[in-house]
Structure formats: structure tokens, C-alpha cells
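One structure below.
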Amino acid sequence: MVRTRFAPSPTGFLHVGGARTALFNWLYARQNGGKFILRIENTDEKRNTEEAYKVIYDGLNWLGLDWDEGPDKGGLFGPYQQSERSAIYEKYLAVLEAGGHVYEDGGAIRFRSPRKPVIVEDIVCGRIEFDMSNPATHPDMTIRRPDGSWIFHFVNVVDDIEMQLTHVIRGEDHLSNTPKHVELYQAIGATPPKFAHIPLILNHEGKKLSKRDGGSSITYFLDLGYTPEAVANYLCLLGWSPGANRELLPLSEILSLFDLAGINRRNAIFDLDKCFWLNGQHILHMSLERFEELALPFVEKAGVPFGTTEALRPALAIVKPKVKHLSDVPDWIGFLFTEEFPFDPEAVTKSLCKPGAGDRLQALGSALSGLSDWTHPAIEARLKETAVALGVKTGELVHPARVAVSGRSVGPGLYEMFEVLGKERTLARFERARGMAA
RNA sequence: GACCCUAUCGUCCAGCGGUUAGGACACCGCCCUUUCACGGCGGUAACACGGGUUCGAAUCCCGUUAGGGUCGCCA
């Protein structure tokens, strides 16, 4: 039975690198019918707020990564937060003491390295031999502070043993720590899990992605209106490829194609542009129902007076193929639900104030007023007939009409806007715009 | 500094001894078109360097250089 884990420290911040580590662990567990465990590494008491836990839960849930055991879910191997596992650590410390593997040093307890070469067989990085003979570069690690609190390396290994993890999939920044961990496994008399160290995510300067970098936090994507499907898709593309030049894929398909051994060893630079593109693609291809589900919170938060979800649906339908961020949706649909929408001065100058624009708008209005079939194709046909009758290019009608109806020069398709708005409101807006027109 | 990992277009990913070195993002043209998108077509752009091995290296080996990581009583 495969058992993997994500073991974040509750810092109040879910790093995209952490999210990707979680994703890879989740994928591997799920595709092998195994268990995915969430363990909170908070040996440092300060990092223990409810809010910090929530950030982790929310981030994982948002990405669609569910866990089988964790602080909130329980499980056979709990507790799942290190602050509550001290008795277990005491027990393992006793084992090390009995084996003569530890000694005291200034009140702290250190593990005495056997000083033998350690071989790590890594699924991603291959076979690596570490020379542990030099105490200067491989000092005996401290496992417990004088105040009794525990150090990461020790509790991490103990928990992985106790929780019966079979695979440790983590960032490559831990590769150099792995021989230390293996020494601990051996001293305890446990078989080490399989290791897979995945490449790091770097910023545009090629440095480890830090908190200061845009897009380093999962909340960044949540707030800007990225879809979880796009972010998960993008994240798994960093260091891994589904092959066949494929890139745009749903999580369900990633699940069937994912392969731990196929992960490369190169650190990857995070490219927001590509993530952005992927987001637009996922929005474009998702169902309208899913789009509604994702967009609704943004629309509500912005206070768009859409009335009922039934009324909102057609509006969402016409912006879905265009919008790249969920957070853009309110701006893109707001004018459909109020007469108080703003007019972009530049658009007014450019289209409405053009000589003859008012007359053309009036002509279009009267042509459209006789139209009984108020649907996109019929509206389009009538507008084009009108252009021909007036002897002007279609654009001469389209541009002023767009501004009259939406206040801006960029937006959903014109005929779609007319259709959603309905005849009365469309024509009324024409009338109003004539007041601004030349 | 020591140790570990890495090295293909600006970026991500293919390639795993013989390819006109492929795809995607970004960028630049053109087409489609009611704007913006979407879509289509085309273009610019890469095997870090030096030695080997081989009939033949982006692919294998060694070195150099560069980048990253680790060397905590942080996690």
C-alpha cells in the first residue's frame, strides 16, 4: 500500500512549491490506490495558529487535493501535528539511547553519525553516494534542544516511520539532508522509504521562489481568479511532461498519465505568462456550470446587482470565451445589470464622437426596433442590412453601438450583448448615447 | 569553502547514438473578424565550452564554466 504525505509547516502561507509537492504526492498516492496524509510540522510552538492551518487546508482543498489522514480527519497514526507527538519522540529517543547513538552536548542531544558512506537511491535523481566522513561538513545533527523541543530531521524521520510512509516526495532542497535521515533510519532499525526529490521552482532571477515574488503564494492565484484546474495543470508541467506535446489537460487525465520516474531534475523558473494562458484555456473549455461556480464569488464580492442566478447565467455565457481571470468577470458583465455603468472617455471620443455617429445610431435603432426575432443571428443580419442601406462599413455601426451599450470598446460580442440586454434596453441605450454623440 | 544536483530557443517541456533538433508560452507578421479574445498560417529564437568514446554525438564519459541546493539548538 502506497502512503505519501505532505508535511508543511504552518507559516500562514502556502508556497506554490509546497503546493506542487503536495500535488505530486497526491497524484502518486491516488494513482496507486494509496493514502495521502497531511501532517503539520510545528515543532516550533509559535507556528500554531488556527489561521495558519486554515491556509493549508484551504489551499489544498482549492486545488482539489483531498487527504485521507490529517489533523482534522484523524487516522490510525495520529496525532497528525508534531506538537502533540512528543511521547512518540521520547520513545524513539530511548531507542537511540539504548543503541548508543546519541550524546549530550551543552544540554542538547546530538546524534552520532556512524561516519560511513550513505547511498541514496532516489527515484528522480538516481543513485547518489554521500561521503559522511568529514565532521566539518557533516556535523553530528542535533535532535533535541536543551529546552526539550525537537529538531526537524529527527521528528520528520520518526513520523515517516510511525506513519508507515512508503514514498517521500519532496523538494530537492532536502536531497543533501537525506543521508542524515538515512543514518537515523538505520540507527532506529527501520527501512527507509523510497525517496523522490523533485526540482525546485525558481523566480525570474533564477533564485528560489520567495514570498516576495509574485505568484509565490497560492492565495495569489485564488485572489486573482485563477482556476484551480489551471494552476494544478501548470504546476505539474514544471518538471514533468505528459508527453506527445500535450500541455492542456484536466486533473483526471494528469492522474492517469503522471509518472514519478518521469520527473526531470532541472529546477524550473515560474512563468506567470504561461500560467495565465493556461487559465484562459481552462476557462474557455470548462462547462458553463463550472464557470458559474467559480465566477459567482467574484461577482458577488464586487456587488454586481445581477438579481438571480438565472439572470446571471446568460451574462456569464457571453464572457466565458473571452475572460482570462475570474476577477475580471464583474467588470465584463457589470454594465448588463445597471444603467449606471461608466463610459470610457477614450471609447466615447473614438467611436461616439465620430461625425455622423449619432445619425447612424438612430438609423440602427429604428432598423432594430422593427425586429421581432431578437436573437444573435437575426440582430446580426439586420445590422448588416442596415449598414448596406446606409452605405457604410459594418464597423461604422458596430463601434458606436458597442460603446452606447457597454460604455467601452472592449467586451463580449456585440450581438450577444444585445441579446442578453433585450430589445428595450438596447434601444434605450442607443437613445441615451445619441446625446453624447456627434 | 566542502559536498550534492543541474545545463536544449527568453521561459516551460520533448529528444534518451543517425531528426531539416519538435511542441507550448511570450514576441513579430498575415488571415478570420463587430472590439477584445478564440482559431488558422508563417517567422525570429536553443543543444554553455573543451576534450574524449564512436563510422556517427544534443544524446555516453571526463574536465571547465555557469546556475541552484545543503552544510542550524529553522522547517
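Every value quoted in this text rests on a predicted model; they were computed, and no experiment measured them. Order of the sequence lines fixes the chain letters, A, B, ..., with proteins taken first and strands second; residue numbering starts at 1 for each chain.
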Sugar-phosphate only, base, or nothing, as touched by [X] at under 4.0 Å among non-hydrogen atoms:
X: A:D173; answer: sugar-phosphate
X: A:S176; answer: base
X: A:K320; answer: nothing
X: A:H174; answer: base
X: A:G239; answer: sugar-phosphate

Short side-chain N/O contact from [X] to OP1 or OP2 of [N], under 4.0 Å:
X: A:R110; N: B:C73; value: yes
X: A:S149; N: B:C73; value: no
X: A:N264; N: B:C13; value: yes
X: A:K208; N: B:G69; value: no
X: A:T142; N: B:C73; value: yes

What one-letter contact string describes nucleotides 37-45 of chain B from 5' to 3', where B marks a base within less than 4.0 Å of any protein heavy atom, S marks contact via sugar-phosphate atoms alone, and - marks no contact?
SSS------
Looking only at non-hydrogen atoms, find the nearest pair between A:W26 and A:L255 and report the distance.
CZ3-CD1, 4.1 Å
Minimum heavy-atom distance between A:K180 and A:M141, given as atom pair plus value
O-CE, 3.3 Å
Pick the [atom1] atom in [N] and in [M], then give their distance to the nearest Å.
N: B:C62; M: B:C9; atom1: P; value: 22 Å
N: B:C55; M: B:A66; atom1: P; value: 35 Å
N: B:C3; M: B:C13; atom1: C1'; value: 30 Å
N: B:G68; M: B:A26; atom1: P; value: 27 Å
N: B:U70; M: B:A14; atom1: C1'; value: 31 Å
N: B:C30; M: B:G23; atom1: P; value: 22 Å

Hey, can you pull the donor-acceptor pairs under 3.5 Å for the side chains in residues 317-333 of chain A, sequence neighbours left out?
from, atom 1, to, atom 2, distance (Å)
A:K320, NZ, A:I283, O, 3.3
A:K320, NZ, A:L284, O, 3.0
A:K320, NZ, A:M286, O, 2.6
A:H325, NE2, A:Y226, OH, 3.4
A:S327, OG, A:L224, O, 2.5

Closest nucleotide among [options] to the [X] side chain:
X: A:E247; options: B:C5, B:C12, B:A75; answer: B:C12
X: A:D273; options: B:A75, B:C5, B:A26; answer: B:A26
X: A:K384; options: B:C73, B:C12, B:U34; answer: B:U34
X: A:K274; options: B:G68, B:A24, B:A75; answer: B:A24

Near RNA chain B, counting only heavy atoms under 4.0 Å, which residues of residues 414-423 of chain A show up?
A:L414, A:Y415
Nucleic acid contacts of residues 395-408 of chain A, taken as heavy-atom distances under 4.0 Å to RNA chain B:
A:V398, A:H399, A:R402
Do A:K207 and A:D213 sit within salt-bridge range, that is, some charged N less than 4.0 Å from a carboxylate O?
no
Just how far, in rounded Å, is [atom2] of [N] from [atom1] of [X]?
X: A:D328; N: B:C36; atom1: CG; atom2: P; answer: 17 Å
X: A:D105; N: B:C73; atom1: CG; atom2: C1'; answer: 9 Å
X: A:F152; N: B:C74; atom1: CZ; atom2: P; answer: 13 Å
X: A:F130; N: B:C5; atom1: CZ; atom2: P; answer: 7 Å
X: A:K207; N: B:G69; atom1: NZ; atom2: C1'; answer: 12 Å
X: A:I269; N: B:C12; atom1: CD1; atom2: C1'; answer: 10 Å
X: A:I56; N: B:A75; atom1: CD1; atom2: C1'; answer: 12 Å
X: A:F111; N: B:C73; atom1: CZ; atom2: P; answer: 15 Å

Start at the 5' end of RNA chain B and walk down; is the nucleotide closest to A:G243 or to A:A7 reached first?
A:G243
Pairwise 5' ranking along RNA chain B for A:P139 and A:L200, keeping only the more 5' one
A:L200
Going by salt bridge (charged side-chain N to carboxylate O under 4.0 Å, His left out), name the residues that satisfy it together with [X], two or more places apart in sequence or in a different chain.
X: A:E416; answer: none
X: A:R170; answer: none
X: A:R246; answer: A:E253

Protein-nucleotides 7-10 of chain B N/O pairs closer than 3.5 Å?
from, atom 1, to, atom 2, distance (Å)
B:U8, OP2, A:R266, NE, 2.9
B:U8, OP2, A:R266, NH1, 2.1
B:U8, OP2, A:R266, NH2, 2.8

Side chains of residues 102-110 of chain A: which donor-acceptor pairs under 3.5 Å do they make with residues two or more places apart or in other chains?
from, atom 1, to, atom 2, distance (Å)
A:Y103, OH, A:D140, OD2, 2.7
A:E104, OE2, A:G107, N, 3.4
A:D105, OD2, A:R110, NH1, 3.0
A:R110, NE, A:D140, O, 3.2
A:R110, NH2, A:D140, O, 3.3

Going by side chain to side chain contact (heavy atoms under 4.5 Å, CB included), name the residues that satisfy it together with A:D58, two or more places apart in sequence or in a different chain.
A:K54
Would you kindly say whether A:H197 and A:H174 are connected by a side-chain donor-acceptor distance under 3.5 Å?
no
A:E183 and A:S113 side chains, donor-acceptor separation under 3.5 Å:
yes
Output a table of donor-acceptor pairs, distance under 3.5 Å, between side-chain atoms of residues 406-415 of chain A and any protein atom two or more places apart or on a different chain; print 'none' if there are none.
from, atom 1, to, atom 2, distance (Å)
A:S406, OG, A:R402, O, 2.8
A:S406, OG, A:R408, N, 3.4
A:S406, OG, A:R408, O, 3.2

With both distances under 3.5 Å as the test, what is the Watson-Crick or G-U wobble partner of B:A14?
none
Could you let me know what B:U65 is paired to, Watson-Crick or G-U wobble, both distances under 3.5 Å, or none if it's on its own?
B:A7
Once the angle between the rings of A:Y185 and A:F195 is folded into 0 to 90°, is it parallel (under 30°), tilted (30 to 60°) or perpendicular (over 60°)?
perpendicular
Can you tell me if A:E50 has over 12 outside heavy atoms packed within less than 6.0 Å of its CD?
no
Does A:E380 have any side-chain hydrogen bond (donor to acceptor under 3.5 Å, both in side chains) partners at least two apart in sequence or in another chain, and if so, which?
A:H376, A:K384
Do A:R85's NZ or CZ and the ring of A:F77 fall within the cation-pi criteria of under 6.0 Å and 45°?
no
